[in-house]
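Step one of this worksheet: look at the structure below.
Predicted, not measured: the structure shown is a model, and the values here were computed from it.
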Amino acid sequence: VGNQWQKLIVEDSVLAVSVVSYEENQRYTSPPGVFRERDRTRPDEEIYNNEQSLSLIYTALPEGESREAVKYLFRPLDVFSYTEMKLFVHGELDKSEGKLSYNNPITGQYSSEAFFRFGTDTANYYEYRQPVDSGWNSISINFSEITAIKQAAVAKDTTGRIIIPVPGLTGHFYVVKGNPTLTSIKFLSVGVFNIDDPTFNSGPLSGEVWINELRVVGADDTPGMAFTFNTSLKFA
């Protein structure tokens with residue numbers, strides 16, 4: 001009910017953070033498998049609660065730059081007992097030149113990437129990025145795959161990040177910076193990066209991206225074993 005996401009750069013005209021909902025926006029559609037909950041306080045009537053998404057509105061995002069919304073957690077989040085984190089990202093249906101969803105239908109080149117970060121601080125975080133595409137698209141972050149990157153002998157880029165392609169998904173990447181941990185997540189952020197590709201000049205990009213259904217899945221409920229014993233010794 002309350003928007004706890006804020007712009008990382010407060011005085012910035014490129015990004016506006018808002019919400020878009022089923023009841024207030026006729027163009028809004030819920031992600032696949034997401035339904036409005038029925039109001040249980042009035043069982044004699046068929047009334048459903050509103051359903052909404054976080055909305056990131058971009059105006060002339062320059063090439064090679066990104067803007068993001070961030071949520072700081074009052075209490076660190078521990079997701080070590082889960083196997084995966086998921087969320088939905090919605091790109092505009094308008095894929096014309098100058099829009100966030102713009103791409104080259106012949107070469108497959110895309111103009112922007114959506115990214116999701118979580119970690120301890122700006123020097124220690126995990127990240128997932130994928131092309132901004134029209135309609136609802138799912139982001140699935142496999143914890144076993146992304147945490148294994150920290151031990152991989154892979155060269156870092158100029159910003160100190162390790163970037164690894166996601167197996168089987170073209171244009172999807174895992175990113176690790178510093179030494180993040182799943183047991184102490186202090187911030188979440190989501191945003192869009194305008195790719196600076198000299199072979200595909202898209203220019204400044206504008207448009208809107210929706211974010212919804214951020215969740216962790218696959219709780220580890222594997223049965224375990226525990227032992228206890230005691231002993232005493234006497235010395236003569």
Item to check | Tyr48 vs Arg38 side-chain heavy atoms within contact, under 4.5 Å | outcome: yes
Item to check | Minimum heavy-atom distance Leu54-Ser18, with the two atoms named | outcome: CD1-O, 3.6 Å
Item to check | Nearest-0.5 Å distance, OH of residue Tyr110 to CD1 of residue Ile195 | outcome: 5.0 Å
Next on the checklist: Distance check, rounded to the nearest 0.5 Å: Ser111 atom OG versus Glu97 atom CD?
Outcome noted: 9.5 Å
Checklist entry - Counting only N and O atoms by type, is there a donor-acceptor contact under 3.5 Å from the side chain of Asn137 to the main-chain atoms of Gly135? => result yes
Checklist entry - Can you list every pair that meets ring pair (Phe, Tyr, Trp, His ring centres under 6.0 Å) and has a residue in residues 51-76, with sequence neighbours left out? => result none
Checklist entry - So if you build clusters from Ile, Leu, Val, Met, Phe, Trp, Tyr with side-chain heavy-atom gaps below 4.5 Å, do Tyr125 and Val190 land together? => result no
Next on the checklist: Looking at Lys150 and Pro180, would you say the former's side chain and the latter's main chain have a donor-acceptor pair under 3.5 Å?
Outcome noted: yes
Checklist entry - Roughly how far, to the nearest 0.5 Å, is CG of Leu8 from CG of Leu15? => result 9.5 Å
Next on the checklist: Give me each pair satisfying salt bridge (charged side-chain N to carboxylate O under 4.0 Å, His left out) with a member in residues 70-91, each pair once, sequence neighbours excluded.
Outcome noted: Glu84-Lys86
Checklist outcome for this item: OG of Ser184 to CG of Leu77, rounded to nearest 0.5 Å, is 9.0 Å
Checklist entry - Partners of Glu92 by salt bridge (charged side-chain N to carboxylate O under 4.0 Å, His left out), sequence neighbours excluded? => result none
Checklist entry - If every non-hydrogen atom of Trp210 is compared with every non-hydrogen atom of Ser53, which pair is closest and at what distance? => result CB-CB, 4.1 Å
Checklist entry - Among pairs that include at least one residue of residues 48-65, which meet salt bridge (charged side-chain N to carboxylate O under 4.0 Å, His left out), considering only residues two or more places apart or in two chains? => result Glu65-Arg67
Next on the checklist: Please check this pair: side chain of Ser112 against backbone of Leu100, looking for a donor-acceptor N/O pair closer than 3.5 Å.
Outcome noted: yes
Next on the checklist: Would you say Ile139 ends up clustered with Phe187 if hydrophobic residues are merged whenever their side chains have heavy atoms under 4.5 Å apart, either directly or through other cluster members?
Outcome noted: no
Next on the checklist: Any side-chain to backbone donor/acceptor pair from Asn179 onto Asn124? Under 3.5 Å, distance only.
Outcome noted: no
Next on the checklist: If I compare all heavy atoms of Thr147 with all of Phe143, which pair ends up nearest, and what's the gap?
Outcome noted: OG1-O, 2.6 Å
Checklist entry - Would Val89 end up clustered with Met85 when hydrophobic side chains under 4.5 Å apart are linked, directly or stepwise? => result yes
Checklist entry - Would you say the side chain of Ile211 lies within less than 4.5 Å of the side chain of Trp5, judging by non-hydrogen atoms? => result no
Checklist entry - Around atom OH of Tyr82, are there more than 12 heavy atoms of other residues, nucleotides or ligands at under 6.0 Å? => result no
Next on the checklist: Are Val132 and Phe88 linked, directly or through intermediate hydrophobic residues, by side-chain heavy-atom contacts shorter than 4.5 Å (ILVMFWY only)?
Outcome noted: no
Checklist entry - Do any N or O atoms from the side chain of Trp136 and from the backbone of Thr29 form a donor-acceptor pair under 3.5 angstrom? => result yes
Checklist outcome for this item: So salt bridge (charged side-chain N to carboxylate O under 4.0 Å, His left out) across residues 190-213, not counting sequence neighbours, yields Arg27-Glu208
Checklist entry - Which atom pair, heavy atoms only, marks the closest approach of Tyr126 to Thr181? => result CE1-N, 4.2 Å
Item to check | Exceeds 12 heavy-atom contacts within 6.0 angstrom, atom CD of Glu37 | outcome: no
Next on the checklist: Under a 3.5 Å distance rule, please check whether Asn25 uses its side chain to pair with a backbone N or O of Tyr28 as donor and acceptor.
Outcome noted: no
Next on the checklist: I'd like to know whether Asn212 forms a side chain to side chain contact (heavy atoms under 4.5 Å, CB included) with His90, so could you lay out the CA-CA distance, the side-chain angles of the two residues, the decisive distance to 0.1 Å, and finally the verdict.
Outcome noted: CA-CA 8 Å; Asn212 204 340; His90 183 283; over 6 Å; no
Item to check | N/O donor-acceptor pair under 3.5 Å between Lys7 side chain and Val10 backbone | outcome: yes
Next on the checklist: Has Asn50 got a side-chain atom pairing as donor or acceptor with Glu23's backbone, closer than 3.5 angstrom?
Outcome noted: yes
When the side chains of residues 157-172 are checked against the rest of the protein, which donor-acceptor pairs come out under 3.5 Å, sequence neighbours left out?
from   : atom 1 : to     : atom 2 : distance (Å)
Asp157 : OD1    : Thr159 : N      : 3.0
Asp157 : OD1    : Thr159 : OG1    : 2.8
Asp157 : OD1    : Gly160 : N      : 3.1
Asp157 : OD1    : Arg161 : N      : 2.8
Asp157 : OD2    : Thr159 : OG1    : 3.3
Asp157 : OD2    : Arg161 : NE     : 3.1
Asp157 : OD2    : Arg161 : NH2    : 3.1
Thr159 : OG1    : Arg161 : NE     : 2.9
His172 : ND1    : Tyr128 : OH     : 2.9
His172 : ND1    : Gln130 : OE1    : 3.2

Checklist outcome for this item: d(Ile141 CD1, Glu127 CD) to nearest 0.5 Å is 9.5 Å
Checklist entry - Does any non-hydrogen side-chain atom of Lys177 lie less than 4.5 Å from one of Arg117? => result no
Item to check | Hydrophobic cluster identity match, Leu214 and Val192, side-chain contacts under 4.5 Å | outcome: yes
Item to check | Any Val17 side-chain heavy atom under 4.5 Å of Leu56 side chain | outcome: yes
Checklist entry - Would Phe200 and Thr107 satisfy side chain to side chain contact (heavy atoms under 4.5 Å, CB included), going step by step from the backbone distance to the final call? => result CA-CA 10 Å; Phe200 184 55; Thr107 63; 5.5 Å; no
Next on the checklist: I'd like to know if the side chain of Thr183 and the backbone of Phe80 have a donor-acceptor N/O pair within less than 3.5 Å.
Outcome noted: no
Checklist entry - Tell me, do Asn49 and Arg36 make a side-chain contact under 4.5 Å, heavy atoms counted? => result no
Next on the checklist: Nearest 0.5 angstrom please: Ser66 OG to Asn194 CG, how far?
Outcome noted: 10.0 Å
